[in-house]
Amino acid sequence: MALSMRSTVYILNKVLVVGVLLSYVASVDKSNFKTCDQSGFCKRQRAYKPDQSPYVALLDSVQIEPTKMKVQLLNTQNQVRLLLEVIGLERNMARVKINELNPIKPRYEIPVGDVLIGDPKQDKIEISHKDGGSISLAFQSNKIVLQSKPFRIDFVASEHPVVSLNANGLLKFEHLRLKTVTQEEKKEGDEKQEGENQEGQGAEERPEGQEQAAEEEKEPEAKEPEEPDMWEESFKGHSDSKPNGPTSVGIDISFPGFEQVYGIPEHADSLALRSTKDMDPYRLYNLDVFEYELDSPAALYGAVPVMLAHNEKQTVGVFWQNPSEAWIDISHNLADKSVLSKVVDFVKGGDQIPQVDTHWFFESGIVDIFIMLGPGPADVFKQYAALTGTTPLPPMFALAYHQSRWNYNDEEDVSNVDANFDKHDIPYDVIWLDIEHTDGKRYFTWDKSKFPNPEEMVRNISAKGRKMVTIVDPHIKKDDHYKIYKECRDLGHFIKNKDGNDYDGWCWPGSSSWPDFTKPAIRQYWASKFAVEEYEGSTLDLHTWNDMNEPSVFNGPEITMHKDAKHDGGWEHRDVHNIYGMFVHQATVEGMVARTGGLLRPFVLSRAFFAGSQRWGAVWTGDNTGEWGHLKVSMPMILSLSITGITFSGADVGGFFKNPDSELLTRWYQAAAYQPFFRAHAHLDTRRREPWLLPEENMKVIRQAIRERYALLPYWYTLFYKAEKDGGPVMRPLWVEFPSEKGLFKEEETFMIGDALMVRPVTAAGTQGVNVFFPGGTEQYWYDTDTTERVFGGAAHYVKTPLDKIPTFQRGGSIIPKKERIRRASNLGRHDPYTLVVALDRKGSARGDLYIDDYHTFHYRKGDFIYREFIFKDKVLENKNGNPGSTFTTPSWLEKVIIMGLSTSPSAVTISSPKSASTSLGFTYDSVKMILTIRKPAVNIAEDWTISIQ
Ligand SMILES: *[C@@H]1O[C@H](CO)[C@@H](O)[C@H](O)[C@H]1NC(C)=O
């Protein structure tokens, strides 16, 4: 949670000096966060607009290797040389790296294994054409064209230019330098061993403002223009010492042929990204933002520097691997065909070509851009997954409903809340404890007056088939009597401040320090603390929540850590800021896995995240507010995460801050029942809002929404199994399923769960009905999951939305597995029977699948799971084995088959299997609704059989 609280202010008031308190109180104000104008490198990079790029690719420096081309780039204004590497990668991908040819010291790169799951597999590239001004490289069926002067690179897929780098000439690479001009001259002179023309050192970088321009005319000998923010800057009383001076890197990335781009979470903004012409750029800088604003490009808790572009024919993506602060400008323009026609012949004709131009700049590190050439959305998801990995299948309980609040006060409170779910017949799987459960915000401890018997409490919960989650944050209370603090201090595990002492800042416990999670040995140390014998009161049914891991530092600049704090290896916090939270998440997950010797799947929720966080589990959208707008924005926020790899995410049901009214809370439950991570949570200051505290009518509707989530758990679980394999998102924008329908490219209120279920939650007060557009054209059938009414695609239809209605539609041609017996927790229904819901397409066919395992171990990785494929065709439903090698079994049987869209009444329904002769089954047929219900086939769900309709 974010800081906010009156009570906390009161406590801190007593101990904080005035200056600290001022900055603390000011945090409730959005002016506590920088605008681009208040950030030196953002201002410099954003203002950079040369007529033409000063960079030239020196074609006579080209070195070609089987999978790689290296070429030097010369900045013709300051004569600094860069090294460009273009690397061909398997699966229609390429990588472009730009670093200084001779940096005075190394620039930060993330170690392989931390974000990239390994060295990406390289693939052959060949020079297909070379002349004095350009080089063409062929790789797979694609082409890369590098132009020398001005430098630019174009990526061509199926004869279409789809991605261009530096097409707008905005490459601006701030080389490392020494502080004074004389030192710089000396140093560069020492470093340049190859007798390069030193005259060039006198050339000036292009001036960026009128003032400098004027100065330079007077002083032609001036070196790099120095700007005030380059060597030190301050914000709201915090000074950033910037010992390395200016280090930012920026370049433009254009997408010719595209009108929409997506991704770069996290922002409380639309799915299709907006033009930033009249606002700040989208910012990526992990921050704890109190009561965040909607429709804003401002930075939030996590950062994934991945952008997708999509049109009717093609999807492409770019991933810039860099964990420093970033800003991204976007504008929607027309392509310059005269330039593109040099790249590829087709660009003739009179039609205008749309183009999205983006401009990215990071505060430090290097240019390291992966280009993913699709061609379809699913291909881009697979490509990105091949680079950064996928979300491991969560344990089943993690996909069920979670009940949280700050705080469940004591053991009695926990046991009452738990009992009330049973009393009101509402299923739930996990109860959460926020920071107040600890002894003075010392994580891994308990407040012994409120929680005297934690282990017994956890065992009481797990005896009912449920789990508990406790919060474990990365700020460590400075207290010599606190074991974790003492150990970290003595072992030198804390991040250091710029002077080399343990970094010290304010967070929940007061004065705190932060372990340096960037260092593998410190992650191991942290992981060891989750061993059941180390974490007092824990059992294997206790799971974890990492909050405040941006990291949130109440008295730090922008409520986070000083950028000049020092990490392992001498790196500045500036270099690694956006990846810190992911390392906390990783270390925690590794601890949860290690405590069971690798047997049980962990569940850990994190607020901060980076590219690759999907490998560690779930994230949520942080401290939202109990207002309709926040319910509405949860859809595009989760969709943006989904398409950039982070498939397991959700938003606090009801909103963290403020008190939602009954209608909003009810609608919120309905929406979240169809979002991947489903947790209710609330601020300490809010009124209690467990479902039974609402009017009876609302409680019933909420119960129904949660029960429907439980009924669909077999479908969710199957989708997560497939997401681990192919990296595809579980919750998807409509354009992912219907990529050629231009009208869907900006749709964000209606979305898909998997490829079979379309949902359009109600997100406004008093909504009597919603217009839902049904994609897929007139050939596509859809079925209302409540009424089974059939709807034709290719048009919008009005759907009435009384309070108990969640507009949800099953796609014709799909089969969804469900469990209709609802238990108090998911695990109790593990062996329950299945229902198959078959939605026929126009040809009378449908397909679906079902994944089953033990719900909680890693044995599925050895093949211990059932995977069944269901095919309905020519009035025969066939159950086929999709994992023949497995010996895993289930006692679950098939209870019911519902077939929607069957137009003729059957005379008989029979079932047959290789094991037994054909027997007839009972059925009912509704000729008005065209629904056939086959009752009690009573065969095992995991055996080969066919059901035939005569
Ligand atoms: C655990 O459950 C037992 C039986 O209901 C109860 O007596 C005990 O107080 C519970 N313990 C805790 C710590 O909640």
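Note that the coordinates shown come from a computational prediction; the quantities given were computed from them, not determined experimentally. These numbers come from the heavy atoms of this one structure, side chains and all, not from hydrogens, waters or symmetry mates. When a ligand or atom number is given, it counts from 1 through the structure's own listing order.
In terms of protein heavy-atom proximity, atom 4 (C) of ligand 1 is nearest to Asn460 ND2, 4.6 Å. With respect to atom 9 (O) of ligand 1, the closest heavy atom belonging to the protein is Glu456 OE2, 3.9 Å.
Each of Arg821, Lys818, Lys819, Arg823 was compared with Asp832 under the salt bridge (charged side-chain N to carboxylate O under 4.0 Å, His left out) criterion, and only Arg823 meets it.
Within 4.0 Å of atom 14 (O) of ligand 1, at least one protein heavy atom is present.
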TODO: Assess whether side chain to side chain contact (heavy atoms under 4.5 Å, CB included) is satisfied between Phe858 and Arg601, documenting all intermediate values.
DONE: CA-CA 6 Å; Phe858 279 109; Arg601 285 175 247 164; 3.9 Å; yes
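Close approach of ligand 1 to Glu411 is summarised as follows: ligand atoms under 4.0 Å from at least one heavy atom of the residue are 13 (C). Taking every heavy atom of Met457 and a limit of under 4.0 angstrom, the matching atoms of ligand 1 come to 13 (C).
A ring-centre distance under 6.0 Å is not found for Trp406 and Trp545.
Asn698 places a side-chain N or O within 3.5 Å of a backbone atom of Ser662 that can act as its donor or acceptor partner.
Every residue two or more places apart in sequence or in another chain that forms a side chain to side chain contact (heavy atoms under 4.5 Å, CB included) with Lys658 is listed here: Glu291, Thr625, Glu627.
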